[in-house]
There are 4 protein chains.
Amino acid sequence: MNNQQTIRAGIIGGAGYTGGETIRLLLNHPSVTISFVHSRSNAGKPLYAVHADLLGETEQVFSDAIHHEVDVLFLCLGHGESKKWMEANPLPAHIKVIDLSQDFRLGETAGDREFVYGLPECNREAIRTAQNIANPGCFATAIQLGLLPLAKAGKLKEVHTTGITGSTGAGQSLQSTSHFTWRANNVSTYKVLTHQHLKEIRRTLSTLQSSFAEDINFVPVRGDYPRGIWITSYLDCDLTLDEAVLLYKDYYATHPFTTVSDKQIDLKQVVNTNKVLIQLEKVGNKLVIHSIEDNLIKGASGQAVQNMNLLFGLEETAGLKLKSIVF
Amino acid sequence: MNNQQTIRAGIIGGAGYTGGETIRLLLNHPSVTISFVHSRSNAGKPLYAVHADLLGETEQVFSDAIHHEVDVLFLCLGHGESKKWMEANPLPAHIKVIDLSQDFRLGETAGDREFVYGLPECNREAIRTAQNIANPGCFATAIQLGLLPLAKAGKLKEVHTTGITGSTGAGQSLQSTSHFTWRANNVSTYKVLTHQHLKEIRRTLSTLQSSFAEDINFVPVRGDYPRGIWITSYLDCDLTLDEAVLLYKDYYATHPFTTVSDKQIDLKQVVNTNKVLIQLEKVGNKLVIHSIEDNLIKGASGQAVQNMNLLFGLEETAGLKLKSIVF
Amino acid sequence: MNNQQTIRAGIIGGAGYTGGETIRLLLNHPSVTISFVHSRSNAGKPLYAVHADLLGETEQVFSDAIHHEVDVLFLCLGHGESKKWMEANPLPAHIKVIDLSQDFRLGETAGDREFVYGLPECNREAIRTAQNIANPGCFATAIQLGLLPLAKAGKLKEVHTTGITGSTGAGQSLQSTSHFTWRANNVSTYKVLTHQHLKEIRRTLSTLQSSFAEDINFVPVRGDYPRGIWITSYLDCDLTLDEAVLLYKDYYATHPFTTVSDKQIDLKQVVNTNKVLIQLEKVGNKLVIHSIEDNLIKGASGQAVQNMNLLFGLEETAGLKLKSIVF
Amino acid sequence: MNNQQTIRAGIIGGAGYTGGETIRLLLNHPSVTISFVHSRSNAGKPLYAVHADLLGETEQVFSDAIHHEVDVLFLCLGHGESKKWMEANPLPAHIKVIDLSQDFRLGETAGDREFVYGLPECNREAIRTAQNIANPGCFATAIQLGLLPLAKAGKLKEVHTTGITGSTGAGQSLQSTSHFTWRANNVSTYKVLTHQHLKEIRRTLSTLQSSFAEDINFVPVRGDYPRGIWITSYLDCDLTLDEAVLLYKDYYATHPFTTVSDKQIDLKQVVNTNKVLIQLEKVGNKLVIHSIEDNLIKGASGQAVQNMNLLFGLEETAGLKLKSIVF
């Protein structure tokens with residue numbers, strides 16, 4: 001497909017956070033038309049009835065029908081729902097599927113559909129020829145991008161990781177930990193050392209460094225802001241800082257969204273973009289790796305669009321040159 | 001009653017925000033014992049199961065029984081619930097009642113119980129001899145304290161008021177406008193020019209200045225922070241700034257919680273205290289009055305305790321010398 | 001000029017907030033090349049040394065030289081600095097100037113250069129043929145867009161306006177009111193009823209309704225968030241709500257960035273976009289108008305780019321279809 | 001000294017954050033009179049000219065004179081300044097000194113004055129009979145309280161610690177990382193694995209477990225809120241969760257400010273109080289310890305007052321039963 005063609009996209013589960021971000025990105029994508037946005041509970045309403053910021057940008061409405069005159073489907077459903085949806089909705093072979101849930105990240109299949117793990121900085125060539133993509137988790141993306149070069153170099157040892165996420169990571173359901181009064185100015189942790197993303201992280205890293213058997217110790221923290229993930233990982237490492245920086249810059253040289261910073265980084269450098277910034281430090285024998293992303297974009301919908309670009313032979317960055325929020 | 005005596009207090013509806021703040025204040029009050037904290041849904045649980053910050057301070061549990069060996073009851077129920085509760089729970093005459101809802105602020109009675117409007121800066125003498133108190137609304141308190149001296153001087157004309165409130169003003173129920181992801185960094189308004197507190201405000205002001213018939217135009221704003229109310233009112237006024245400042249300082253000279261500031265004020269000067277700060281400006285013919293409070297303390301539970309102090313002949317400030325959060 | 005041509009832009013004062021936003025917008029603009037970004041103090045450094053979010057997007061450096069092979073200059077200087085700069089730097093006639101300061105908004109000239117007030121929703125035709133643009137102030141833009149249709153209909157009377165602004169409105173200088181510890185969770189006001197933007201607002205409105213002589217009473221509030229301006233204005237008005245909505249929708253029908261919402265609006269609908277949303281309410285005899293914008297985009301750099309598009313005959317929305325931050 | 005006596009306190013460096021918090025606590029302390037608050041740059045001004053929340057609470061002014069009719073001096077000076085001050089200001093023997101800087105935490109002396117490390121949960125008996133106190137650092141307090149019981153039991157091994165601090169931890173000076181626009185919604189780290197508090201932490205822990213030689217790996221994070229420190233530490237440990245909980249509860253049984261929570265904790269449970277809450281988890285072989293405090297109170301001024309109470313034989317909790325901010 002060349003860049004003049006238009007990809008017809010359908011969105012399943014368009015009323016949630018990742019559905020909304022996918023809509024926002026595709027509305028401005030130069031090579032995509034949104035054929036339908038499916039949402040049972042909102043069928044007939046304009047998109048802006050749910051995603052209020054779209055008022056003035058589109059009059060498109062949510063649909064309760066799914067048709068097959070599309071080239072790609074984005075599944076923006078809850079974890080566990082994608083598998084059920086795929087079983088209940090057999091698709092013709094010409095439709096490619098990009099699933100944003102965790103249902104197909106560990107090698108699961110849907111009928112005869114196999115899913116490639118959609119982390120372009122690791123799997124780009126496989127993605128280009130895939131039919132189905134399992135889009136990585138938000139924490140998983142940022143943690144892996146901080147470790148991939150080490151894994152490829154066989155340098156992984158036990159890893160200690162702090163991860164802080166914005167509230168959008170918990171979705172739009174109302175719960176006590178999403179109440180503004182509770183979360184404002186607050187800090188808490190959850191799933192300490194047991195977060196479910198550790199499985200997909202280990203799966204990728206083991207592919208690159210089969211000898212890696214030590215723990216990844218991950219402390220997930222709820223931050224009191226809406227968007228963005230901060231990761232700091234450290235491990236014993238015999239590389240000097242210069243060697244490590246070179247290793248990372250080489251690894252990411254051809255990847256347009258991942259940049260190694262020579263200066264201290266802060267989260268808002270990447271919020272509302274598809275970028276990942278990485279910064280390295282060396283303290284004694286330990287290599288410290290900071291990696292940051294917007295959890296809804298590079299950690300979800302932006303990476304899904306990046307995968308779509310690769311699936312259809314478009315520029316990897318098409319529709320993803322986003323203005324950061326910065327302040 | 002002298003300060004050596006202990007007042008026995010019961011709290012009805014102790015699981016909500018104002019119930020929690022009332023508990024916090026009474027736990028440290030030198031002359032009060034909390035006899036029971038009633039909450040049907042939490043009976044048997046420790047207070048800290050709901051008010052987690054009380055862990056380490058008290059082992060008291062919620063009760064599902066109400067007994068009459070108390071001197072005062074604080075009703076911390078939702079609007080409309082206090083009236084029902086009073087009807088369903090006849091009380092012996094020796095129990096004083098302080099109701100934090102809006103059910104008795106406009107002259108309503110519960111059987112033969114009449115309620116004094118509990119704004120000490122206006123009604124202190126009446127409160128001292130009252131049996132029942134209707135505790136003012138949060139916005140109503142801050143707006144009235146900004147206007148009382150003018151009303152007493154017969155200087156009220158049409159008033160234009162902006163009011164910004166923290167999220168605690170909306171209570172602890174989960175709703176879309178209390179979702180952290182929505183409210184963080186956001187601004188919105190509600191009940192513009194129609195807020196229900198206008199009724200109790202007019203009622204008080206008319207008592208002081210019977211000629212006052214113009215509008216109070218009130219724009220309530222949802223702020224993206226948890227605690228505190230900011231009020232800016234302005235009106236045509238023939239007083240000079242010096243005259244106005246003198247009028248206000250005279251009016252509040254004997255009131256321990258209300259202070260006129262000669263410098264620009266900011267909201268965090270009063271957060272987590274029972275104080276109200278007032279600042280005046282004169283621009284052309286218009287007098288500008290800023291008045292600020294903590295909506296849960298001076299705007300609710302702190303004022304309730306202040307009223308209790310007056311009802312029982314204690315120092316008005318007993319238990320209310322609170323450390324501000326300041327930062 | 002047709003859309004295939006490339007406009008060469010220079011930016012003067014590229015290290016500040018509006019300079020940074022202008023760079024961000026122009027980097028992704030399909031018809032613009034940034035010829036130079038001038039900053040004396042940062043000459044030789046990459047843009048991302050100051051605007052850290054640009055790391056990975058451009059290697060361009062700040063320049064200390066100004067050359068004349070450009071089609072347009074954006075002056076992103078402090079108030080008072082633009083006038084001095086224009087005097088010290090005579091420009092050839094072919095260069096158009098878009099000034100983001102307040103120096104030329106009230107009819108001031110720079111030599112024989114006259115400036116058109118760059119509010120496209122009021123002055124679009126004059127802008128298309130202008131050589132120099134005085135870009136409106138952030139508060140001024142949002143307040144005027146809330147009042148223009150009334151002014152055109154001759155319906156303006158005394159106006160009462162609350163305006164809340166994010167911290168970016170105060171620029172990047174370090175001062176006590178920009179300290180995080182102070183501003184977080186805080187509210188304060190400044191320049192109450194005396195804000196300098198009132199002059200440019202009156203100037204525009206008087207053009208549309210020459211009879212308008214009453215006050216615009218404006219209470220500016222410092223909000224505890226970085227981006228966005230919320231305006232609520234109200235005034236006596238004999239239009240019904242339906243009539244007012246029709247008036248506004250008609251007025252803005254051909255303006256791509258201004259939309260009248262039938263539902264309650266909230267600030268984050270427009271943050272990080274060039275959009276303005278307006279919502280109307282009628283309470284008694286009073287018409288209430290809410291109008292919201294991103295202060296740095298529609299209130300500054302985005303409007304500057306919108307003006308550039310008009311000056312050069314481009315689509316008014318070119319480069320301005322921005323993904324909102326929404327959360 | 002019995003509780004009826006009044007301790008006369010002087011405060012040196014009363015214009016900073018810890019000076020202000022010390023003033024706030026002592027103003028409400030039942031057994032203390034503030035003799036003077038020294039601040040060269042603010043001499044003659046009322047305390048509320050700097051600490052604006054004190055308006056209405058005290059008319060006391062800053063002093064530029066230091067006299068010796070006091071029982072205790074609180075040094076609230078910057079790091080490095082306390083040592084200089086002690087050298088320049090010889091004190092009579094009857095004055096006790098509580099220094100809040102890091103100048104005397106590692107065994108340093110001032111003339112013949114020796115300093116006891118003022119962590120009551122470790123050193124209470126030594127503090128009771130001390131003349132001079134080196135008040136612990138904010139991070140150091142929270143980290144140590146999470147590890148003391150393990151150290152006493154000889155169970156410390158290499159520790160991995162994440163610490164998140166509010167902006168007040170960085171003081172009131174204006175710098176780019178304290179600008180609201182930068183810090184709001186942002187995350188960053190600093191002094192990763194090299195924070196200066198590690199020295200005093202090691203010093204204490206080595207006293208309790210002399211065999212402990214492994215690293216404490218500490219990742220300090222800047223949070224986007226003003227107050228509070230969150231610590232999560234983990235290490236290999238052969239205790240079961242029940243055994244660990246028992247160990248901690250036993251250790252802290254007689255310490256009034258430190259409580260072990262059986263439920264998940266969150267930071268706002270302790271903000272604006274002198275409390276520390278600890279929560280334990282066991283995952284595989286790893287023991288996870290969460291410990292939280294208010295950095296300005298238990299991490300600074302509150303602990304200083306707690307030490308003062310011990311020095312003078314008062315109740316340890318005198319003046320420290322503080323209402324939490326909770327929301």
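We use all heavy atoms of the structure for the numbers below, so side chains are in, but hydrogens, waters and symmetry mates are not. Worth saying up front: this structure is predicted, and the values here are computed from it rather than measured. Order of the sequence lines sets the chain letters (A, B, ...), proteins ahead of strands, with each chain counted from 1.
Ion pairing between Arg203(B) and Glu200(B) fails under the 4.0 Å rule for side-chain N and carboxylate O. A salt bridge does not link Asp238(C) to Lys157(C): none of the charged nitrogens lies less than 4.0 Å from a carboxylate oxygen. Between Glu158(B) and Lys286(C), at least one side-chain nitrogen of the basic residue sits less than 4.0 Å from a carboxylate oxygen of the acidic one, meeting the salt-bridge criterion.
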* **Derivation and outcome, salt bridge (charged side-chain N to carboxylate O under 4.0 Å, His left out), residues Asp266(B) and Arg183(C)** => CA-CA 9 Å; Asp266(B) 65 90; Arg183(C) 188 152 183 159; over 6 Å; no
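The candidate with the highest count of non-hydrogen atom pairs below 4.5 Å against chain C, out of Thr232(B), Val283(B), Ile164(B), Asp215(B), is Val283(B). For the set Leu267(C), Val221(C), Asn186(C), the entry with the most heavy-atom pairs within less than 4.5 Å of chain B is Asn186(C). For chain C, the option among Thr177(B), Ile292(B), Thr189(B), Thr181(B) with the highest count of heavy-atom pairs below 4.5 Å is Thr189(B). Among the candidates Phe327(B), Trp230(B), Phe180(B), Tyr190(B), the residue making the largest number of heavy-atom pairs closer than 4.5 Å to chain C is Trp230(B). The candidate with the highest count of non-hydrogen atom pairs below 4.5 Å against chain C, out of Val271(B), Thr162(B), Ile265(B), Asn217(B), is Asn217(B).
Of the atoms belonging to Leu193(C), heavy atoms from both backbone and side chain fall under 4.5 Å from chain B. Contact of Val219(C) with chain B is made through the side chain alone, with heavy-atom distances under 4.5 Å. Both the backbone and the side chain of Val192(C) come within contact range of chain B, each with at least one heavy atom under 4.5 Å from a heavy atom of that chain.
Here the side chain of Tyr234(B) pairs no donor or acceptor atom with the backbone of Glu281(B) at under 3.5 angstrom.
From His290(B), atom NE2 reaches atom OG of Ser233(B) across 9.5 Å, with rounding to the nearest 0.5 Å.
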